[in-house]
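Some notes on the structure that comes next.
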Amino acid sequence: MRAPVCAVLILWLLNDAGAHQFTEEEMAGIRQRIKSMFYHAYNSYLDNAFPYDELRPLTCDGQDTWGSFSLTLIDALDTLLVLGNSTEFQRVASLLQDTVDFDIDVNASVFETNIRVVGGLLSAHLLAGRAGMQLEPGWPCSGPLLRMAEDAARKLLPAFQTPTGMPYGTVNLLNGVSPTETPVTCTAGVGTFILEFATLSRLTGDPAFENAARQALRALWKTRSDIGLVGNHIDIVSKKWVAQDAGIGAGVDSYFEYLVKGAIMLQDEELLGMFQAYDRAIQNYTRFDDWYLWVQMHKGTVTMPVFQSLEAFWPGLQSLLGNLDSAVRTFQNYYSVWRQFGGLPEFYSIPQGYTVDKREGYPLRPELIESAMYLFRATDDHTYLQLGLDALESIERITKTPCGYASVKDLRDHQLDNRMESFFLAETIKYLYLLFDPTHFLHGGGKEGDGSWEEGGDGGRCVLGAGGFIFNTEAHPLDPAALYCCSRHAQDRQELRDILLGPSQARDKPESQSKRHATKEEERPLSQSESIALKPGERKMPPPLSCPVQPFSARLAVLGQVFTDNT
């Protein structure tokens, strides 16, 4: 495999040597082109497909795919605000409240409903203040979009009622899990809930969601092989691996993504420790010349020397942990495939340097653009902007139809398929736009006092939108400060009251009572809101008081390194 990799590096060096430096005016012009792309697809959906889940761009009609709840509209809602359209955001948010009903006799994917519907509604709820919507008292800890997200998530909870706590893959939204439902589901279908479910629990005060997600994660963690890898599909009742291919692509990808992002968002040592252990095994057994292959989970022997388009999220994830050298080299490999075909085929044979039979399609996926956004933020290298421009022009040239944008059935001859998945508006367009808008509020752009921050919570004493947004795997941004606001505000007030009014009581506390308190602190499990230590393995107790008006950006660093409150 050395020859193809050498060719990749030569191509990259030649490209990088003449990398164009984009001016502010050029970037603004490209953002306008991206907006036009969005509205062509969005208006086509509204005119031809609403209230169906998806647009069929070749026949100019719609179809239900994931559950019959106007999925594209839910998925695209926060993109409207990202592009600056508060008026349409408000209209659609109200429309969804009036038209979407989750009490329907439909078999829905637990995974897809969570990342697209629950995630989309949570993100829209947390952005509602910025969109100028009328807010309930106590927002972001209450609100109609939050209640919709909670309603949708409660329809998914029956899937988690298994002997292991790992969920079934499908649930009937009205009747729960069918007695004939298969117990086999993919790894990502077990481990991709902590962001949305923890957000729900922290905002609403109901721990059931976060507890379910954590139980599933811990059960899955216990099934890893002796060499530290997990397979692709597991029987969630017997805990036996049905598909034993280990890799970072389809069926597994977002599991690893959520361990990293969950660790950052929740300041959680346990999740970070899980990922770091997996990453050591991934680097040892699946990485070859900065590609990641598929191997047998127990033996580490190569089973599929292929690159899958879904793996293109990995360089962006690495950048969150500061592993930039590795991320850049892997991105170079993936970018070379894009330049070869004008898109990423679903499967690409690394030894042959070509597509894999029956996996030649490109359904307008966002993952490579997503990684370009993260790497540009980390390096300021305009080569990543060039990838964005390449992607924009390729999508426009190959996939645009009079009624939107169509998936590519075959990248070899650019045949089109009659489908525009909702993630095109939720992810691909959003990441493209954010790539070319480095001062966007989702990147922490702006300064205090210019409207980039908001107040929320009881008495408006919580700072929101201060930067550090975490994107779920459907590119729905979640604000960690809101979780902190809702879950910690009452506790902080009580702690402050104790400090101001009862210092003498604390000093006069009997020694035996103090010892009992200390013992409880030592024996308690890791708190879900505890900070991640800067030194691996080091545990730090939370300070006696965490000020709720502390800018949350002080708790997250640019490259994903997480600092404690005392740093």
Side-chain angles (χ1 to χ4, degrees), residues 53 66-81 89-90 92-104 106 108-131 133-136 138-160 167 171 173-174 192-213 258 261-262 265-266 422-423 426 456-457 464 469-487:
D53 279 345
W66 294 111
S68 188
F69 24 61
S70 304
L71 180 61
T72 294
L73 206 55
I74 294 176
D75 235 0
L77 180 53
D78 56 16
T79 308
L80 286 165
L81 189 61
F89 178 96
Q90 294 178 30
V92 172
S94 298
L95 176 65
L96 291 173
Q97 295 171 45
D98 295 335
T99 59
V100 174
D101 181 12
F102 297 114
D103 287 320
I104 51 177
V106 167
S109 164
V110 180
F111 170 84
E112 298 289 355
T113 303
N114 176 59
I115 66 170
R116 303 194 196 206
V117 177
V118 178
L121 291 171
L122 283 174
S123 177
H125 162 72
L126 292 172
L127 295 173
R130 183 174 295 275
M133 294 188 68
Q134 185 174 358
L135 303 175
E136 290 185 2
W139 175 89
C141 311
S142 65
L145 294 174
L146 176 60
R147 288 189 287 274
M148 286 183 69
E150 182 180 7
D151 185 23
R154 288 201 185 280
K155 298 293 185 182
L156 306 181
L157 284 181
F160 291 81
V171 66
L173 298 181
L174 192 62
T192 308
F193 295 91
I194 191 63
L195 291 184
E196 297 84 4
F197 277 28
T199 298
L200 265 178
S201 287
R202 305 292 176 97
L203 295 183
T204 65
D206 185 347
F209 303 103
E210 185 169 351
N211 288 344
Y258 272 42
K261 292 181 176 179
M265 186 175 81
L266 303 174
S422 66
F423 59 65
L464 305 176
F469 287 84
I470 303 295
F471 293 91
N472 86 335
T473 197
E474 191 76 4
H476 295 306
L478 302 173
D479 186 355
L483 278 63
Y484 180 78
C485 170
C486 295
S487 63

Kindly give the heavy-atom pair with the smallest separation between [X] and [Y], and that separation in Å.
X    : Y    : value
F69  : W66  : CZ-O, 3.6 Å
L195 : L478 : O-CD1, 4.0 Å
Q90  : A131 : NE2-O, 2.7 Å
I115 : N472 : O-ND2, 3.0 Å
F102 : L173 : O-CB, 3.5 Å
L200 : A153 : CD1-CB, 3.2 Å

Sub-3.5 Å donor-acceptor pair from the side chain of [X] to the main-chain atoms of [Y], do we have one?
X    : Y    : value
D75  : L71  : no
S201 : E210 : yes
H476 : L121 : no
D53  : G67  : yes
W139 : Q134 : no

Which value, rounded to the nearest 0.5 Å, describes the distance between [X] atom [atom1] and [Y] atom [atom2]?
X    : Y    : atom1 : atom2 : value
S70  : D101 : OG    : CG    : 11.0 Å
S123 : I470 : OG    : CD1   : 12.5 Å
F89  : T79  : CZ    : OG1   : 10.5 Å
S94  : M133 : OG    : CE    : 4.5 Å
D151 : L146 : CG    : CG    : 11.0 Å
L126 : L81  : CG    : CG    : 11.5 Å

Checklist entry - So which of V110, V118, V117 actually passes side chain to side chain contact (heavy atoms under 4.5 Å, CB included) with N114? => result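 The passing option is V118.
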Checklist entry - Any chance the SGs on C486 and C141 are under 2.5 Å from each other? => result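 Taking the criterion (SG atoms under 2.5 Å apart), C141 and C486 satisfy it, so yes.
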Next on the checklist: If you apply the rule side chain to side chain contact (heavy atoms under 4.5 Å, CB included), what do you find for K261 with T473, and how did you get there?
Outcome noted: CA-CA 10 Å; K261 292 181 176 179; T473 197; over 6 Å; no
Checklist entry - Do R154 and F209 pass the side chain to side chain contact (heavy atoms under 4.5 Å, CB included) test, and can you show the C-alpha distance, the side-chain angles, and the key distance before you say yes or no? => result CA-CA 8 Å; R154 288 201 185 280; F209 303 103; 3.7 Å; yes
Checklist entry - Could you walk me through whether M265 and Y258 pass the side chain to side chain contact (heavy atoms under 4.5 Å, CB included) check? => result CA-CA 10 Å; M265 186 175 81; Y258 272 42; over 6 Å; no
Next on the checklist: Please verify the inter-ring angle class for F193 with F160; under 30° counts as parallel, over 60° as perpendicular, anything in between as tilted.
Outcome noted: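 Correct class here is perpendicular.
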List for me each residue that meets side chain to side chain donor-acceptor pair (under 3.5 Å) alongside [X], sequence neighbours excluded, and say none if there are none.
X    : result
E112 : R116
T199 : none
S142 : E136

Item to check | Intermediate values then yes/no, side chain to side chain contact (heavy atoms under 4.5 Å, CB included), L122 and F197 | outcome: CA-CA 10 Å; L122 283 174; F197 277 28; over 6 Å; no
Checklist entry - Would you say the side chain of T113 lies within less than 4.5 Å of the side chain of V171, judging by non-hydrogen atoms? => result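 A side-chain contact under 4.5 Å is absent here.
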